[in-house]
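Letters A, B, ... mirror the listed sequences (proteins, then strands); counts begin at 1. Quick caveat: nothing in here was measured; it's all calculated off a predicted structure. The basis for the numbers below is simple: all heavy atoms, side chains too, and nothing from hydrogens, waters or symmetry mates.
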There are 2 protein chains.
Amino acid sequence: MTNNNNFSSISTSSRSLHVQVARSIARGILSGELAEGSIVPNEMTLCSQFGVSRTALREAIKLLTSKGLLESRPKIGTKVVNRAYWNFLDPQMIEWMDGLSDSKYFCSQFLGLRRAVEPEACALAAIHATEEQRTELSRIFNQMVEVTENFDLDSWTEVDLSFHRLIFNSTNNDFYLPFGNILTTMFKTFILHSSKHGGVCLDEHRLIYEAIMAGDGDRAKAASVDHLQSKKHRLPEAI
Amino acid sequence: MTNNNNFSSISTSSRSLHVQVARSIARGILSGELAEGSIVPNEMTLCSQFGVSRTALREAIKLLTSKGLLESRPKIGTKVVNRAYWNFLDPQMIEWMDGLSDSKYFCSQFLGLRRAVEPEACALAAIHATEEQRTELSRIFNQMVEVTENFDLDSWTEVDLSFHRLIFNSTNNDFYLPFGNILTTMFKTFILHSSKHGGVCLDEHRLIYEAIMAGDGDRAKAASVDHLQSKKHRLPEAI
DNA sequence: TTTTATTATTTGTATGACAATTTAATATAG
DNA sequence: CTATATTAAATTGTCATACAAATAATAAAA
């Protein structure tokens, strides 16, 4: 219901050649190996380096340009754009960061944004969620209860993500929607499988859930702040 | 200094064919004319519709795929992805929205996010800004004072944007960086040239500025909240 | 009825050619 | 010698065509 998309999960085309090339170049940029402001080798050189046709290579470059990493001009070449223009609020970019920088630091940076955005999202969801979305939220919270009773980490991860994702959707604000995907990607890419959580965490979610269902934005916000302040969420803490 | 990129501003290639085609298709999707979940015409059909080669068309589709709007598979075709995957936190996407939906509503939605993110950005900037960034912030605030004394709307807009943009940069948090570009694009695309502001607004900025320079995160945050609550900021209010 | 093979459709990739853009070198004029 | 205009060269931009790969739909076989 929340996804009428029958295609395989979001980044279907890992096998696609231009995506592989794009990932490789992206990681070169993100790691600093290809310096900001520098000109990357011209198309024919890159083609032979990667052993692909110009068609595939150019599609890769277009993808990276769309993320704010590259910019091309005739006669000049293709340049690595200033970091201030890189769009880190993009799931694919986040995937590409995997293993490049210190994961703990990267996750704590993300938490720094999440703490700003998610409480407000909860408040907006409490006010703007449709009846259909509230029904769905009930369904998901019931699943959460069930999973907690018979605990299994993978099941918990899935239902936990569905819960937070649905909250972003329920803001019915276009600018909050992408955080559902960003959060999902962060979890799937950087999640720590350590996990000393369970029962207590359910209660935190319950407070958020009940406040949203009651239409109480302030309480939902406060509950979310508490949840994100708690040491139990899964992404690594602080630096 | 904040931009070592000599290329013309961010979306240089409006003249680029595949970008024009991408914009046209994107607006079809964003307006709802091309429904979520539907299959768009196949490549050859689109090529003749737009009068471009398959190369150009495919580069356009790759661009839209990168924004989360489309997804392609052999034999199936290219599908409009569910709205929940569209990445509205992308300057190009925001440009494409121009004139499609009610601007006031769109801007008020953005304000709903900005109120969550920017106060926290100010707090982080107060704590994490480098000496260089603090020097630059002083320079910009001085410009603000000058512009206020001899008021000119375009000059004000420019320095105002620089101010807010530098704050996002000064968080030194990768996930806050993109908001500088997003804010800039929102202003340049949707700004109301009505403008009944001037002196008073400078004081609001002064409070933010002084708190950041003093390294007082809480005060910076509070000042930013006040600024965004005030009726004087330029994007349309509420719905 | 179920499984397997075939076929058709669409995107994916490769190649070669030429156009457009703009820096840099060169020639020309003063 | 300097300044300006012209020319040339390098790189991306666009086009056309051909074939490969993937997969849904269909047909055939068990």
Between dG12(C) atom P and Glu59(B) atom CD, what is the distance in whole Å?
13 Å
Separation of dA24(D) atom C1' from Ile39(B) atom CD1, nearest Å, is 12 Å
What residues form a side chain to side chain contact (heavy atoms under 4.5 Å, CB included) with Ser31(A), not counting sequence neighbours?
Glu33(A), Leu100(A)
Just so I know, are the side chains of Gln133(B) and Leu137(B) near enough to count as touching, which here means a heavy-atom distance under 4.5 Å?
no
Show every side-chain hydrogen bond (donor to acceptor under 3.5 Å, both in side chains) that has at least one partner inside residues 42-52 of chain A, sequence neighbours left out.
Asn42(A)-Thr45(A), Glu43(A)-Arg54(A), Glu43(A)-Arg58(A)
Taking distance alone, no hydrogens or angles, what donor-acceptor pairs closer than 3.5 Å link side-chain atoms of residues 138-146 of chain A to residues at least two apart or in another chain?
from      : atom 1 : to        : atom 2 : distance (Å)
Ser138(A) : OG     : Arg134(A) : O      : 3.3
Ser138(A) : OG     : Tyr209(A) : OH     : 3.0
Arg139(A) : NE     : Glu136(A) : OE1    : 3.2
Arg139(A) : NH2    : Glu136(A) : OE2    : 2.9
Asn142(A) : ND2    : Ser138(A) : O      : 3.4

If I take atom CG in residue Leu46(A) and atom C1' in nucleotide dT12(D), what distance separates them, rounded to the nearest angstrom?
12 Å
Between NZ of Lys79(B) and P of dT10(C) the distance, given in whole Å, is 16 Å
Aromatic ring proximity Phe175(A)/Phe106(B), centre distance under 6.0 Å:
yes
Heavy-atom pair of closest approach, residues Met93(B) and Lys67(B)
SD-CB, 3.9 Å
Residues from residues 48-58 of chain A sitting under 4.0 Å of DNA chain C, heavy atoms only?
Val52(A), Ser53(A), Arg54(A), Thr55(A), Ala56(A)
Separation of atom CG in Leu17(A) from atom P in dA20(D), rounded to whole Å
16 Å
Atom CE of Met44(B) and atom P of dA8(C): how far apart are they, to the nearest Å?
20 Å
Over how many whole Å does the gap from Lys62(B) atom NZ to dT13(C) atom C1' extend?
11 Å
Give a yes or no on this: more than 12 heavy atoms of other residues, nucleotides or ligands lie within 6.0 Å of atom CG of Asn150(A).
no
Considering residues at least two apart in sequence or located in another chain, which fulfil the side-chain hydrogen bond (donor to acceptor under 3.5 Å, both in side chains) criterion with Glu120(B)?
Lys221(B)
Min side-chain heavy-atom separation Phe88(B)-Leu113(B) under 4.5 Å:
no
In whole Å, what is the span from the CD atom of Glu43(A) to the C1' atom of dG16(C)?
14 Å
Under 3.5 Å, which protein N or O atoms sit close to an N or O of nucleotides 19-25 of chain C? Give each pair with its distance.
from    : atom 1 : to       : atom 2 : distance (Å)
dT22(C) : OP1    : Arg73(A) : NH2    : 3.3
dT23(C) : O2     : Lys75(A) : NZ     : 3.2

